[in-house]
Peer 1: 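Sharing a structure here in structure tokens format.
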Amino acid sequence: MIPESNALALQRSWRSFCVGVALVVATFAAHAQGSTFKVPTREGVSTTVFWESAPDATATVLLFPGGGGGYGRVENGQATSGNFLVRSASYFIANGFNVAIFGIRPVTPY
């Protein structure tokens, strides 16, 4: 069982994350090429997200690359990682989905 103070912190973090993603989706919906931005995950910590929108998108796909993670460098508005999910982003966009690719997880002190 999670202690109450940790549960409240987790709930606030999740709420902040969802609000951040919603704002980003609304802000970047008109972009033709991908761009990167930071999303706060909890106080003092954020993660980088690569975002590319599709014209008349019907949904948004959140991609979390495994392994080493990340989306690689962004060149000419495109993520360059060799990761399967990152390489598949163009197929999602071509089929009417916005794409958000999460970068390498932030370092968390324990």
Side-chain angles (χ1 to χ4, degrees):
M1 176 168 246
I2 299 174
E4 187 174 336
S5 61
N6 288 347
L8 290 174
L10 182 62
Q11 183 181 18
R12 273 183 264 149
S13 294
W14 179 247
R15 187 178 306 134
S16 295
F17 174 77
C18 290
V19 168
V21 169
L23 290 173
V24 168
V25 168
T27 302
F28 289 99
H31 283 227
Q33 286 191 338
S35 55
T36 59
F37 55 92
K38 292 193 180 269
V39 174
T41 57
R42 60 191 169 279
E43 188 175 329
V45 180
S46 63
T47 190
T48 307
V49 176
F50 174 82
W51 170 265
E52 189 168 356
S53 60
D56 302 319
T58 56
T60 298
V61 179
L62 304 177
L63 304 177
F64 297 88
Y71 46 78
R73 290 188 310 270
V74 176
E75 296 177 357
N76 300 319
Q78 300 297 312
T80 61
S81 172
N83 180 282
F84 169 76
L85 286 176
V86 177
R87 291 191 327 261
S88 300
S90 61
Y91 296 107
F92 287 113
I93 293 164
N95 286 287
F97 295 96
N98 294 322
V99 174
I101 305 172
F102 287 78
I104 298 170
R105 74 176 183 88
V107 177
T108 54
Y110 290 102

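Given the structure is predicted, the values throughout are model-derived calculations rather than measurements.
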Peer 1: If you take all heavy atoms of P40 and S46, which pair is closest and at what distance?
Peer 2: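 Of all heavy-atom pairs spanning P40 and S46, the closest is CA-CB, 3.9 Å.
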Peer 1: Identify the two heavy atoms, one from I101 and one from P65, that lie closest to each other, and give their separation to 0.1 Å.
Peer 2: CG2-CG, 3.7 Å
Peer 1: Distance check, rounded to the nearest 0.5 Å: N98 atom CG versus E52 atom CD?
Peer 2: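 Going from CG on N98 over to CD on E52, the span is 9.5 Å.
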Peer 1: Locate the shortest heavy-atom distance separating A89 from V99; write the atom from each residue and the value.
Peer 2: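 Smallest heavy-atom distance, with atoms named: O-CG2, 3.8 Å.
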Peer 1: Anything under 30° is parallel, anything over 60° is perpendicular, the rest tilted; go ahead and classify F97 against F92.
Peer 2: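 Ring orientation, 0 to 90° scale: perpendicular.
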Peer 1: Which atoms form the tightest heavy-atom contact between T47 and F102, and what is the distance?
Peer 2: CG2-CD2, 4.1 Å
Peer 1: With a 4.5 Å heavy-atom cut-off, do F50 and L63 have their side chains touching?
Peer 2: no
